[in-house]
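What follows is a set of notes on a single structure, which appears directly below.
Below, all heavy atoms of this structure are taken into account, side chains as well, without hydrogens, waters or symmetry copies.
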Amino acid sequence: MTLLERLKIETRDAHDRIEAAMDLDRRIASRNAYRDLLIRFYGFHKAWEHEATDRAPDRAFFQSRCKTRLLARDLEALGLKSDDIMGLPQCRPLMSLPAPEAVLGSMYVVEGSTLGGAIIAREVENRLGLTTETGCAYFRSYGRNVAAMWKSFGAVLLEASSPEADDLIVGAAQDTFTVMHDWLCETP
């Protein structure tokens, strides 16, 4: 079994749990609800990117996949001022990211969410009339390159795979799902 197969199997319950708890229909039913969802995503990504950047095995690769700037752009398009965005609450506590392999495990969750983001983007565009320029840049983060970006991440993940690293990678992915669930699904 490859590391990607193991990750999919061992995080399936956590993935299903967060998907069920998100109540996406409610969270994209209005611009205000959608803005509040993006605020939660911003708080997670801002804290996570800050913590993970210095521990990432390839800093340039990691930073090319960061989403905070896209979320800030969307929030500005939805009426928040730059100062307001900078003052938004950040996700605490975060999962432990003690090593580069843990960052890769955490990235598995974050990068995987971009695949679902394309589906969410279509719903946001249909229901709220938002585009990449008017508040849907985060969910369209890689545009037409979403499959290629996932494939390139998978290659990096498989390259890092070893008997010693795999448990750390899987554990970090599971912890990331838990933290993301608690942060996104709690009432602010």
Side-chain angles (χ1 to χ4, degrees), residues 11-53 56 62-63 65-97 102-103 105-143 146 149-150 172-188:
T11 63
R12 182 173 289 131
D13 288 344
H15 176 272
D16 293 347
R17 179 177 172 241
I18 196 170
E19 195 171 274
M22 281 291 293
D23 190 8
L24 195 58
D25 283 338
R26 178 182 60 82
R27 297 187 95 164
I28 63 172
S30 70
R31 282 180 180 250
N32 286 342
Y34 176 66
R35 183 199 64 228
D36 291 346
L37 175 63
L38 292 181
I39 286 170
R40 297 308 283 177
F41 272 113
Y42 179 88
F44 174 83
H45 282 277
K46 181 75 173 172
W48 178 75
E49 289 169 9
H50 176 76
E51 292 295 319
T53 295
F62 177 82
Q63 289 179 326
R65 292 160 182 271
C66 289
K67 311 287 189 306
T68 302
R69 64 178 175 74
L70 296 172
L71 284 157
R73 187 170 115 193
D74 286 347
L75 290 169
E76 286 179 358
L78 294 168
L80 269 69
K81 304 285 185 225
S82 186
D83 288 344
D84 296 332
I85 295 168
M86 295 303 293
L88 291 172
Q90 293 185 29
C91 179
R92 299 283 184 237
L94 279 174
M95 63 303 249
S96 176
L97 298 172
V103 173
S106 194
M107 282 180 76
Y108 170 80
V109 177
V110 174
E111 286 297 293
S113 71
T114 63
L115 298 172
I119 296 165
I120 294 169
R122 282 193 297 273
E123 286 296 313
V124 169
E125 290 165 359
N126 289 337
R127 292 183 189 194
L128 302 175
L130 300 176
T131 66
T132 302
E133 293 77 28
T134 62
C136 199
Y138 168 69
F139 287 116
R140 285 276 186 217
S141 59
Y142 300 143
V146 69
M149 292 293 281
W150 174 252
Q174 291 168 328
D175 291 347
T176 301
F177 267 118
T178 297
V179 169
M180 189 178 269
H181 171 275
D182 293 349
W183 176 254
L184 292 177
C185 299
E186 80 174 15
T187 304

- Message: To check you understand the geometry: which heavy-atom pair defines the closest contact between Met95 and Ser106, and what is its length?
- Response: CE-OG, 3.8 Å
- Query: Does Arg73 reach the side chain of Thr132, with side-chain heavy atoms less than 4.5 Å apart?
  - Reply: yes
- Query: Got His45 and Leu71 here, is their nearest side-chain heavy-atom distance under 4.5 Å?
  - Reply: yes
- Tested for ring-ring contact (aromatic ring centres under 6.0 Å, His included) against Trp48, the lone hit among Phe41, Phe62, Tyr42 is Phe62
- Drop me the distance from Ile120's CD1 to Thr114's OG1, to the nearest 0.5 angstrom. 10.5 Å
- Item | Arg92 side chain near Leu94 side chain, heavy-atom distance below 4.5 Å | yes
- Message: So His50 and Thr68, do their side chains get closer than 4.5 Å, heavy atoms only?
- Response: no
- Item | Enclosure of Arg127 CZ (heavy-atom neighbours >12, cutoff 6.0 Å) | yes
- Task: Please state whether the rings of Tyr34 and Phe139 are parallel, tilted or perpendicular, taking 30° and 60° as the class boundaries.
- Result: tilted
- Task: Answer yes or no: is there a donor N or O on one side and an acceptor on the other, between the side chain of Glu49 and the main chain of Lys67, under 3.5 Å?
- Result: yes
- Query: So, the side chain of Arg40 versus the backbone of Trp183: is there a donor-acceptor pair under 3.5 Å, distance only?
  - Reply: yes
- Item | Working for side-chain contact (heavy atoms from CB on, under 4.5 Å), residues Asp36 and Arg27 | CA-CA 8 Å; Asp36 291 346; Arg27 297 187 95 164; 5.9 Å; no
- Please walk me through it: do Glu123 and Leu24 pass side-chain contact (heavy atoms from CB on, under 4.5 Å)? CA-CA 10 Å; Glu123 286 296 313; Leu24 195 58; 5.7 Å; no
- Donor-acceptor pair, Thr178 side chain versus Gln174 backbone, under 3.5 Å? yes
- Query: Looking only at atom types and distance, does a side-chain atom of Arg31 sit under 3.5 Å from a main-chain N or O of Leu130, one as donor and one as acceptor?
  - Reply: no
- Closest non-hydrogen contact found for Ala77 with Glu133 is CB-O, 4.2 Å
- Item | Worked verdict on Met180 versus Val110 for side-chain contact (heavy atoms from CB on, under 4.5 Å) | CA-CA 9 Å; Met180 189 178 269; Val110 174; 4.3 Å; yes
- Query: Taking Thr11 for the side chain and Ala14 for the main chain, is one N or O donor matched with an acceptor at less than 3.5 Å?
  - Reply: no
- Message: To check you understand the geometry: which heavy-atom pair defines the closest contact between Leu97 and Ala52, and what is its length?
- Response: CD1-CB, 3.9 Å
- Query: What distance do Glu51 atom CD and Cys91 atom SG have between them, rounded to the nearest 0.5 Å?
  - Reply: 10.5 Å
- With the side chain counted from C-beta on, respond yes when Ser96 and Asp175 share a heavy-atom pair under 4.5 Å apart, and no when they do not. no
- Backbone N or O of Ala172 within a donor-acceptor pair of the Thr176 side chain at under 3.5 Å? yes
